[in-house]
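Keep in mind that the numbers below use all heavy atoms, side chains included, and drop hydrogens, waters and symmetry copies. Proteins get letters first, then strands, A, B, ... in listed order; numbering begins at 1 in each.
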Amino acid sequence: MEWQEVLKRLLQNKISLLGILIILFFIVVAVLAPWIAPPQDPDEPYLIPRGGWSIEPQPPSEEHIFGTTEGQYDIFYGIVWGTRTAFRIGLVVVGISSTLGIIIGTVAAYYGGLIDEIIMRITDVFMSIPFIIATIVLVTILGQGITNVMIALITFSWMSTARLMRSQVLSVKEDEFVQAALALGANDFRIIFRHIILNTIFPVVIQASMRMGSMVITASTLSFLGVGAPEGYADWGQMISFARNWILGVEGDPLHYWYTLVIPGIAITLFCLSWNLIGDAFRDILDPKLN
Amino acid sequence: MAENLLEVKNLKKYFPVKAGIFKRTVAHVKAVDDISFVVEEGETLGLVGESGCGKSTTGRTILRLLEATAGEVIFEGKNVMDLDKKEMRAIRRDMQIIFQDPYASLNPRMTVADIVGEPLDIHNLAKNKKERNEKVREILENVGLGAEYMNRYPHEFSGGQRQRIGVARALAVDPKLIIADEPVSALDVSVQAQVVNLLQDLQKEYGLTYLFIAHDLSVVKHISDRVAVMYLGKLVELTDKKELFDNPMHPYTQSLLSAIPEADPKKKKDRIILEGDVPSPVDPPSGCRFHPRCPKAFEPCPVKEPEFKEYGDGHYAACHLLDQ
Amino acid sequence: MSKEALVEVKNLKTYFYTEEGVVKAVDGVDYEIYPGETLGIVGESGCGKSVTSLSIMRLVESPPGRIEAGEINFKGTDLTKLSEKEMRKIRGNDISMIFQEPMTSLNPVYTVGDQIIEAIMLHKQVKRKEARRQAIEMLQKVGIPLPEQRVDEYPHQLSGGMRQRVMIAMALSCDPQLLIADEPTTALDVTIQAQILELMNSLKESYGMAIMMITHDLGVIAEVSDRVAVMYAGKVVEYTDVDTLFDDPKHPYTWGLMNSIPKLDKDVDRLEAIPGSVPSPLNFPEGCKFNTRCPLAEGKCFDVEPPLEDTDGGHMVRCWRYEHLEEIKKRGERIYEDRGVQK
């Protein structure tokens with residue numbers, strides 16, 4: 001199936017259309033962030049402006065339409081600029097780790113033998129380390145900051161793509177059209193790029209789309225645990241971590257500070273959901289059994 | 001007599017069987033076990049046998065799509081097994097292959113023009129895009145496909161048309177030898193004849209030499225000049241096709257011929273029904289590999305392997321009975 | 001044959017409702033199967049030959065498939081009207097089926113014995129011990145050596161030919177009156193095919209059951225059938241006894257099929273190849289469905305579908321121009337000439 005056909009079907013499918021619409025909404029928010037929520041200091045747009053120094057979060061008001069978190073960080077501003085952070089983390093981490101995974105998996109499967117054995121054992125070692133703990137340790141070593149979070153996420157998330165790619169390439173490599181290209185005298189480069197990758201890439205695309213959401217969640221988790229973005233940085237995970245002390249509300253009114261948790265929570269949930277919807281739709285469209 | 005275009009000498013291809021955590025080789029599948037034959041320029045040599053007899057492996061080993069375990073493949077005087085990567089790439093222009101499965105053998109994400117044009121790109125046979133398209137169009141027309149199909153993808157074609165595309169791709173480099181690996185067995189009966197006729201027409205037009213691999217004896221008989229019969233990695237008989245069908249010497253060939261159901265209800269043949277199944281090539285029977293199923297086996301068969309030798313005018317066979 | 005038919009299929013239509021449109025896989029098919037005979041159904045991929053058999057077994061997957069119209073009378077009962085529960089009693093008991101790929105039709109995690117025993121216990125009121133005894137007896141009858149040992153083996157331990165024998169043993173374990181064999185030898189080598197065909201012929205005689213043999217191979221048809229229905233694009237195009245069919249094929253498609261396969265005993269320089277390929281079932285032509293490939297087609301053939309007509313003494317043909325074909329045959333000419341070039 002061709003890309004145009006896939007796109008057409010994605011747009012015809014109600015579920016994926018919903019996902020695409022949500023993502024489009026986030027894209028618009030991210031692009032228009034300087035106009036939706038003008039930064040106080042244009043050189044430091046990711047610093048959330050503070051409405052004061054009081055500890056207690058303030059409910060939505062005219063000045064802060066989504067209210068403020070503890071320390072008076074503006075929730076609306078954080079959500080808007082946090083969208084950019086989410087995209088940046090998602091695209092960079094998934095983009096680089098998928099590329100790494102594709103290269104590693106393809107090389108292992110195509111050349112096979114000892115090369116395959118060594119690469120896959122290294123992959124096993126990486127996979128055997130619990131993901132969250134590994135990233136926390138690495139970020140702690142590298143130091144706090146969004147860039148270091150992304151480096152840590154990339155370091156420990158390429159393995160699933162590599163494995164997927166390897167199994168895909170292993171099966172396509174035996175296909176007769178690859179044999180035919182070999183028989184024609186094609187070199188490795190041509191065979192890998194024109195014949196193998198083109199026919200193995202779709203499952204990786206599906207997986208990447210699913211990983212977009214989960215990477216943003218993991219980055220948020222790191223922020224929540226205090227090893228992610230520096231304090232005051234526009235990041236959804238951090239906004240939730242600001243809510244940590246206020247989740248229980250006040251006596252007799254557990255929902256007193258609902259806005260500190262619910263608003264960033266909705267943002268993260270919608271963001272992940274939309275990528276998953278697209279991923280699901282992709283899988284349905286590309287599943288040969290359903291065609 | 002015509003020149004030998006291809007000589008296969010003592011070709012062997014063993015696949016290791018690995019087991020355990022350390023992937024130690026515990027046995028070998030002797031897919032092709034010491035076979036020798038020649039293909040003369042301009043002829044069609046049929047290679048028949050049942051599944052697992054090693055006929056397809058033979059074809060692929062000759063082209064070095066699989067590396068041989070031992071033996072020589074001499075193509076126009078050069079031992080193909082000795083060539084380095086660059087020389088090998090060059091010689092591939094002269095030796096091509098047509099595959100069995102017209103679905104798996106075409107890259108589903110390439111257009112017909114790209115599939116047939118790829119060999120031209122690889123060997124720099126077209127100066128520019130225009131010339132390439134011109135050549136592709138010409139080749140497609142030669143195999144009976146119109147130029148209007150050029151920008152379509154393989155899934156838009158029927159099995160027979162796909163097989164024509166596969167033939168066109170092989171023809172694009174203007175080869176001397178084409179190894180046709182079961183080229184019609186995946187096709188519908190009514191379409192098989194189209195492809196068989198096409199292969200014959202092309203042979204006449206371009207002076208091609210074919211190694212035609214198939215399990216269907218009647219198709220092989222129709223298209224071949226000489227026929228080689230394989231059983232469990234060995235050649236058991238090789239001769240002129242008329243001689244083979246009129247006077248089969250090897251008991252395996254005889255039973256194979258009698259097993260074919262013929263499209264004629266009045267002809268109730270005297271069948272030689274073979275007992276049992278083809279044994280595993282991992283652990284082939286001792287002596288003559290056919291002896292456990294052979295209706296005529298006698299004392300020497302299980303102990304001594306019969307020699308593949310000539311019994312009069314180009315009729316080769318490997319059977320102890322013939323030495324009696 | 002004036003005997004009462006065992007199965008009588010009347011105007012059967014089985015359609016599949018897909019995203020791209022309605023696939024009329026079987027579109028008005030009639031045939032009968034008499035007790036003790038073998039009816040061969042021959043045709044190429046997509047002609048509907050397998051779907052007719054699945055319709056008899058009521059195994060057409062629904063959705064997307066549906067038996068749209070017609071009757072399937074089995075000993076006087078219309079199978080299309082039975083409930084699923086009633087149908088289950090008939091399947092495997094009165095009518096059994098064997099498939100092309102014996103590996104996928106056997107469950108890999110049970111021994112072959114377990115599977116035959118299950119089939120026997122499902123339909124006969126016997127104890128497990130007795131069922132096992134019968135299973136071993138069946139394996140013996142289908143020519144499996146050392147049945148007492150083989151009964152406890154798993155499908156992967158058997159070769160393709162042996163697995164097909166096991167399938168046959170399972171199918172016959174309840175003495176069916178009809179055995180449907182859907183390409184039973186296509187996946188097998190010729191020498192093994194010969195064994196299986198011989199086995200089926202001898203079992204047919206000893207059990208007195210009827211066989212519906214579905215295949216694309218005219219050789220197999222000639223070998224085992226008493227009567228033959230040739231199918232093309234969801235319809236029966238020729239229907240007669242096997243000798244008449246091979247002596248005097250009247251439909252241009254049948255003629256083409258016979259002359260497109262090389263014969264062992266006759267040399268021809270060039271095969272008569274039917275041009276083109278089978279039309280897509282989503283896009284069948286108007287009129288005679290063979291008109292896109294038929295060299296004799298003209299006028300009426302493109303507008304009106306010919307009926308399945310009795311030409312003489314029960315030789316049924318669906319063609320407007322079969323008499324024209326007769327003349328060509330008399331002159332000894334070929335009807336299919338091709339240049340290896342497609343239209």
Side-chain angles (χ1 to χ4, degrees), chain B residues 49-53 141-146 157-161 164 187-202 215-223 242 245 252 255-269 271-278 280 293, chain C residues 42 44-46 145 158-162 185 187-195 197-198 216-225 241-243 245-247 253 256-265 267-278 280 293 336 338-343:
Chain B
E50 297 179 279
S51 56
C53 75
E141 270 163 20
N142 281 341
V143 300
L145 287 172
F157 293 89
S158 67
Q161 287 172 318
R164 284 172 197 266
L187 303 176
D188 271 328
V189 187
S190 73
V191 178
Q192 286 189 5
Q194 294 174 9
V195 174
V196 168
N197 284 351
L198 174 69
L199 289 174
Q200 286 184 314
D201 290 348
L202 294 171
H215 68 271
D216 184 336
L217 268 171
S218 41
V219 172
V220 165
K221 187 197 171 213
H222 177 76
I223 201 166
K242 197 165 167 2
F245 287 86
Y252 177 64
S255 52
L256 203 57
L257 283 173
S258 85
I260 305 171
E262 273 196 77
D264 185 352
K266 285 195 205 113
K267 212 163 161 191
K268 297 287 177 210
K269 296 202 259 191
R271 280 262 143 75
I272 311 166
I273 302 242
L274 286 182
E275 303 251 320
D277 293 300
V278 184
S280 155
R293 299 176 78 196
Chain C
V42 65
E44 298 176 283
S45 54
L158 305 174
S159 67
M162 284 296 157
T185 59
L188 306 175
D189 281 317
V190 260
T191 57
I192 310 296
Q193 166 169 291
Q195 295 172 357
L197 292 181
E198 196 198 48
H216 67 278
D217 187 335
L218 282 171
V220 172
I221 287 286
E223 194 86 0
V224 300
S225 314
D241 67 275
V242 70
D243 290 334
L245 186 83
F246 282 86
D247 271 354
Y253 176 64
L257 272 189
M258 284 178 188
N259 288 286
S260 65
I261 47 172
K263 313 267 179 324
L264 278 181
D265 56 352
D267 283 319
V268 287
D269 283 344
R270 212 179 157 73
L271 301 170
E272 282 197 49
I274 304 177
S277 44
V278 183
S280 152
R293 307 174 73 188
Y336 294 99
D338 75 303
R339 310 252 75 90
V341 172
Q342 275 182 300
K343 271 178 214 153

Looking at [options], which one has more heavy-atom pairs under 4.5 Å with chain B than the rest?
options: C:Leu197, C:Asp247, C:Asp217, C:Ile261; result: C:Asp247
options: C:Thr185, C:Asp243, C:Val278, C:Ile221; result: C:Asp243
options: C:Met162, C:Arg293, C:Met258, C:Lys263; result: C:Arg293

Suppose we screen for side-chain hydrogen bond (donor to acceptor under 3.5 Å, both in side chains). Which residues come up paired with C:Ser225, at least two apart in sequence or across chains? none

Donor-acceptor pair, B:Asn197 side chain versus C:Leu271 backbone, under 3.5 Å? yes

For the backbone of C:Ser45 and the side chain of B:Asp188, can you confirm whether one donor and one acceptor N or O come within less than 3.5 Å of each other? yes

Rounded to the nearest 0.5 Å, what separation is found between the CD atom of C:Glu223 and the CG atom of B:Asp264? 10.5 Å

Under 3.5 Å, is there a donor-acceptor pair linking the side chains of B:Gln194 and C:Tyr336? no

Side chains of B:Ser190 and C:Glu44: do they bring a donor and an acceptor to under 3.5 Å? yes

Taking side chain as everything from C-beta outward and backbone as N, CA, C, O, which of these in B:Ile273 sits under 4.5 Å from a heavy atom of chain C? Side chain, backbone, both or neither. side chain

Heavy-atom cut-off 4.5 Å, strictly under: side chain, backbone, both or neither for B:Val189 against chain C? both

Of B:His215, B:Arg293, B:Gln192, B:Lys242, the largest count of non-hydrogen pairs under 4.5 angstrom with chain C goes to B:Arg293

Which answer fits [X], side chain, backbone, both or neither, if we ask what part of it has an atom under 4.5 Å from a heavy atom of chain B?
X: C:Val268; value: both
X: C:Gln195; value: both
X: C:Asp269; value: backbone

Under the rule for ring-ring contact (aromatic ring centres under 6.0 Å, His included), what residues qualify as partners of B:Phe245, not counting sequence neighbours? none

